[in-house]
Undergrad: 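Mind looking over this structure? Questions follow.
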Amino acid sequence: MSLADYSGAAACPGCLTATEAVERASKAASEEARDVQLSLPTIHCAGCISTVERGLMARDGIVDVRVNLTRKRAVVHAEPSVTDEEIVAAISALGYEAMPLDGATLSAGESDRLARDLAMRLGVSGFAMMNVMLLSVAVWSGAADATRDLFHWISAAIALPTVVFSAQPFFKSAWSALRVARLNMDVPISLAILLASAMSLYETVNSGAHAYFDAALSLTFFLLAGRYLDQRMRSTARSAATELAAMEAPTALRLIGAEAETVPLAEVVVGDLLLVQPGARVPADGTIAVGASELDRSFLTGETDPVAVTVGSEVKAGEINLTGPLTIRTTAVGADTLLHSLAELVTMAEAAKSRYNSLADRAAQIYAPAVHLLALAAFLVWLWLTGGDVRHALNIAVAVLIITCPCALGLAVPAVSTVASGRLFKHGLLVKHPTALERLAEVDEVIFDKTGTLTVGAPVLANAEGIDAGDLAVAAALARGSAHPRSRAIAAAASRLGIAPADVSGLKEVPGYGIEGSYMGKPVRLGRPSWIGAETGEATVMRIGDAEPVAFHFIDDLRPGAIELISALKAQGLPVTLLSGDAPGIVEAFAERVGIDTWQAGVLPDEKADVLRAKAAEGKRVLMVGDGLNDTAALALAHVSIAPGSALEATRVAADFVLLAPNLMRIADALRVGRSARKRILENFGVAAVYNMIAIPIAFIGLATPLAAAIAMSTSSIIVSLNALRTR
């Protein structure tokens with residue numbers, strides 16, 4: 001790897017010194033590193049790029065960093081020992097917000113094989129259509145006899161292979177529907193294309209005056225354009241249930257006497273003793289047999305603070321052990337764990353959501369049989385009127401099929417959806433489901449999770465400025481010896497204020513209680529009041545020797561725009577509910593702080609799902625906004641759902657939208673765009689209806705040739721596409 005490979009990675013070509021480039025190239029030699037994709041919504045200039053790249057490269061375990069200012073993303077090449085949370089924390093310490101991204105979901109549009117296939121067929125049909133139209137101009141200009149026949153045969157040589165290749169998506173879809181004795185929108189489309197091609201070939205063989213190869217190609221091109229736009233709306237088809245299953249630890253440390261052996265999780269049975277080290281996920285449901293620690297249950301229950309556990313406490317698969325080693329006796333393994341029951345909930349919810357019929361699908365149920373009946377009626381009527389002239393009757397039937405071909409209807413939804421999703425993406429919202437915008441426009445109630453959704457999901461030291469600098473320096477030194485979220489908050493506050501950690505020796509963490517050490521010959525402790533011997537009711541205190549205890553107050557900061565969003569939703573007449581796994585006192589105070597009147601506390605994951613089911617049974621169309629594992633089933637059950645970009649990957653997969661921007665007011669913007677998009681879709685249906693009311697009688701009475709029908713059809717498609725642009 002040469003130095004030139006890194007010349008443009010920083011803010012400018014000269015921003016990296018030769019020494020820095022050599023160091024970066026040396027670090028990049030690691031073959032075991034992994035890529036972490038991050039959203040950096042607050043970067044805005046070349047200086048931001050340089051700060052982030054140099055700041056991360058200075059840390060151990062970071063192999064390489066690439067920041068893209070245009071897309072506001074970063075790709076961090078890091079060693080396996082460096083966690084996503086540590087990278088996010090490092091960027092936060094540099095003064096920028098960072099959120100992990102699901103790379104597979106975000107790059108789905110670029111890697112989707114079906115989208116590439118449609119784009120290729122669209123290009124071929126467009127190229128062929130332009131060439132055949134050029135030949136048609138010569139015929140319209142007066143070419144006759146042998147010259148006209150030659151142009152028709154050349155057109156046939158271009159058009160017929162193109163139709164066979166480019167129209168395959170419609171033919172396959174139509175055949176799959178006809179095989180099970182039903183109709184879909186692709187049946188009249190396929191009939192129109194095939195009949196137009198067959199009639200054109202018949203006319204060419206018999207030296208007819210008119211051929212309609214350009215009509216067949218125009219149909220194919222415009223319909224492929226609609227199909228391609230629709231495909232662009234689709235993200236990865238991965239299941240959120242699969243992502244939940246991935247939360248399970250693949251192996252476990254099983255105790256055989258005093259020895260611990262690593263075994264596949266499939267070999268663990270009920271009653272086994274498992275050792276769970278600090279920092280590891282609990283592999284199965286069980287009860288603690290030996291040890292005391294604190295568990296991070298935020299993804300599972302939404303509880304803000306780690307939960308202290310000791311002998312006899314219950315633990316669930318997927319929870320993270322924070323401080324001390326635990327020995328658990330398993331009570332449920334594999335498919336019987338709470339984690340798997342959540343996955344089953346999500347699977348059922350996803351299946352229910354997939355049955356939602358889009359506006360276009362509902363229109364097609366009526367439109368497709370009507371088109372066939374009209375074309376058949378035109379054929380029979382003209383066959384009778386002309387005394388059995390099959391050629392003339394078939395020409396009129398083909399004209400009816402072409403003029404009623406649902407190009408405008410096929411473009412009505414995807415054209416609007418593509419414009420609207422592009423607008424939302426520019427404002428920090430990724431649309432993940434093809435019917436998400438339609439469902440968003442139907443919302444009549446909003447439910448929020450609290451921790452990590454309306455708040456940032458991490459404790460912040462609220463009274464840092466009010467604590468003596470010396471005491472804060474000692475606390476920061478103690479905090480360095482712990483991975484507890486509150487310890488990290490203390491260390492971050494001291495760093496922000498420019499206070500260096502004091503010289504504290506003999507650091508020792510006592511699981512479930514706190515951390516202790518020695519400072520200037522005096523014992524010092526930071527942790528729970530009962531452990532320190534303080535009378536204060538504060539959750540975290542520090543005492544140096546016999547001095548008065550120092551209290552540390554923590555809050556969970558609101559996300560930007562949280563209060564404004566609640567006010568905006570109320571102004572739109574949408575009821576707002578807060579569901580949280582936190583204690584009632586905390587939830588009540590928070591709800592009052594942000595202006596939410598209806599709230600529930602201590603809500604478990606299956607209870608959240610029950611709330612969504614009850615709302616659906618009442619006919620409510622709920623927008624659910626959440627970020628945790630405990631929200632996944634509820635997000636999948638909701639009429640439409642949004643997850644922040646900082647959410648767990650399984651949660652982002654389950655949601656219909658991913659909020660990449662830090663400001664929650666973008667959700668209010670999304671509701672407005674969704675309603676606007678639905679309005680434009682209905683307008684497009686209106687355009688298609690008016691067009692058909694005018695054009696069908698003209699074609700039916702024989703005043704429109706298949707060529708004129710193709711021109712009229714193309715015009716309606718262009719009008720629909722232009723109207724879709726108004727969504728901007």
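One is the number of the first residue; the rest follow in order along the sequence. Quick caveat, the model's predicted, so the values are computed rather than measured.
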Undergrad: Should Arg486 and Glu294 count as an ion pair when the cut-off is N to O under 4.0 Å?
TA: no
Undergrad: How far apart are the closest heavy atoms of Thr330 and Ala284, and which atoms are they?
TA: CG2-CB, 4.0 Å
Undergrad: Do Asp468 side-chain atoms and Asp471 backbone N/O form a donor-acceptor pair below 3.5 Å?
TA: yes
Undergrad: First locate atom CZ of Arg543, then atom CG of Leu526, and finally report the distance between them rounded to the nearest 0.5 Å.
TA: 13.0 Å
Undergrad: Any donor and acceptor pair, going by atom type alone, linking the side chain of Ser92 with main-chain N or O of Val88 inside 3.5 Å?
TA: yes
Undergrad: List the steps, then state whether side-chain contact (heavy atoms from CB on, under 4.5 Å) holds for Val282 with Lys316.
TA: CA-CA 7 Å; Val282 177; Lys316 302 295 182 184; over 6 Å; no
Undergrad: Is the count of non-hydrogen atoms from other residues, nucleotides or ligands lying under 6.0 Å from Glu618 atom CD greater than 12?
TA: yes
Undergrad: Heavy atoms, side chains only, cut-off 4.5 Å: are Leu454 and Ile596 in contact?
TA: yes
Undergrad: Within a reach of under 6.0 Å around CD of Gln572, are more than 12 heavy atoms found that belong to other residues, nucleotides or ligands?
TA: yes
Undergrad: Considering only heavy atoms from C-beta outward, does the side chain of Leu478 approach that of Tyr519 to under 4.5 Å?
TA: no
Undergrad: Does some side-chain heavy atom of Lys608 sit less than 4.5 Å from a side-chain heavy atom of Asp631?
TA: yes
Undergrad: For the residue pair Gln600 and Val587, what are the closest heavy atoms and their distance?
TA: O-CG1, 4.1 Å
Undergrad: Within this structure, what is the CZ-CG distance for the pair Arg496 and Leu461, rounded to the nearest 0.5 Å?
TA: 7.5 Å
Undergrad: Would Ile667 and Leu623 satisfy side-chain contact (heavy atoms from CB on, under 4.5 Å), going step by step from the backbone distance to the final call?
TA: CA-CA 10 Å; Ile667 294 176; Leu623 164 62; 4.2 Å; yes
Undergrad: Would you name the heavy atoms of Ala473 and Ile499 that are closest together and state the gap between them?
TA: CB-CG2, 3.7 Å
Undergrad: Contact between Lys570 and Asp597 at the side-chain level, heavy atoms closer than 4.5 Å - yes or no?
TA: yes
Undergrad: Thr453 and Gly626: which non-hydrogen atoms are nearest, and at how many Å?
TA: OG1-CA, 3.4 Å
Undergrad: Is Glu442 close to Arg678 at the side-chain level, that is, under 4.5 Å between some pair of heavy atoms?
TA: yes
Undergrad: Check Met665 against Gly561 and note the closest heavy-atom contact, atom names and distance.
TA: CG-O, 4.0 Å
Undergrad: Please lay out, stage by stage, how Ile447 and Leu612 fare under the test side-chain contact (heavy atoms from CB on, under 4.5 Å).
TA: CA-CA 9 Å; Ile447 293 179; Leu612 268 296; 4.3 Å; yes
Undergrad: Mind checking whether Leu472 and Phe552 have side chains closer than 4.5 Å, heavy atoms only?
TA: yes
Undergrad: Closest heavy-atom contact between Leu497 and Glu465?
TA: CD2-OE2, 4.0 Å
Undergrad: Are Asp627 and Arg559 within salt-bridge range, i.e. N to O under 4.0 Å?
TA: no
Undergrad: Could you walk me through whether Phe657 and Val625 satisfy the side-chain contact (heavy atoms from CB on, under 4.5 Å) test, starting with their C-alpha distance in whole Å, then the side-chain angles of each, then the deciding distance to 0.1 Å, before giving a yes or no?
TA: CA-CA 10 Å; Phe657 296 84; Val625 188; over 6 Å; no
Undergrad: Has Ser641 got a side-chain atom pairing as donor or acceptor with Asp656's backbone, closer than 3.5 angstrom?
TA: yes
Undergrad: As an exercise, state the distance from CZ of Phe590 to OG1 of Thr455, rounded to the nearest 0.5 Å.
TA: 6.0 Å
Undergrad: Can a donor-acceptor pair be found, under 3.5 Å and without considering hydrogens, that links the side chain of Asp444 to the backbone of Arg621?
TA: yes
Undergrad: What distance separates Ile288 CD1 from Asn321 CG, expressed to the nearest 0.5 Å?
TA: 8.0 Å
Undergrad: For the OG1 atom of Thr598 and the CD atom of Glu445, what is their distance to the nearest 0.5 Å?
TA: 8.0 Å
Undergrad: Taking C-beta and beyond as the side chain, do Leu569 and Phe448 meet within less than 4.5 Å on heavy atoms?
TA: yes
Undergrad: Okay, side chain of Arg525, backbone of Trp531: is any donor-acceptor separation there less than 3.5 Å?
TA: yes
Undergrad: With rounding to the nearest 0.5 angstrom, report the NZ to CG distance, Lys450 to Leu578.
TA: 7.5 Å
Undergrad: Within a 6.0 Å radius of atom CD on Glu607, are there more than 12 heavy atoms belonging to other residues, nucleotides or ligands?
TA: yes
Undergrad: Measure the shortest side-chain to side-chain distance between Ile62 and Ile87 over non-hydrogen atoms and say whether it is less than 4.5 angstrom.
TA: yes
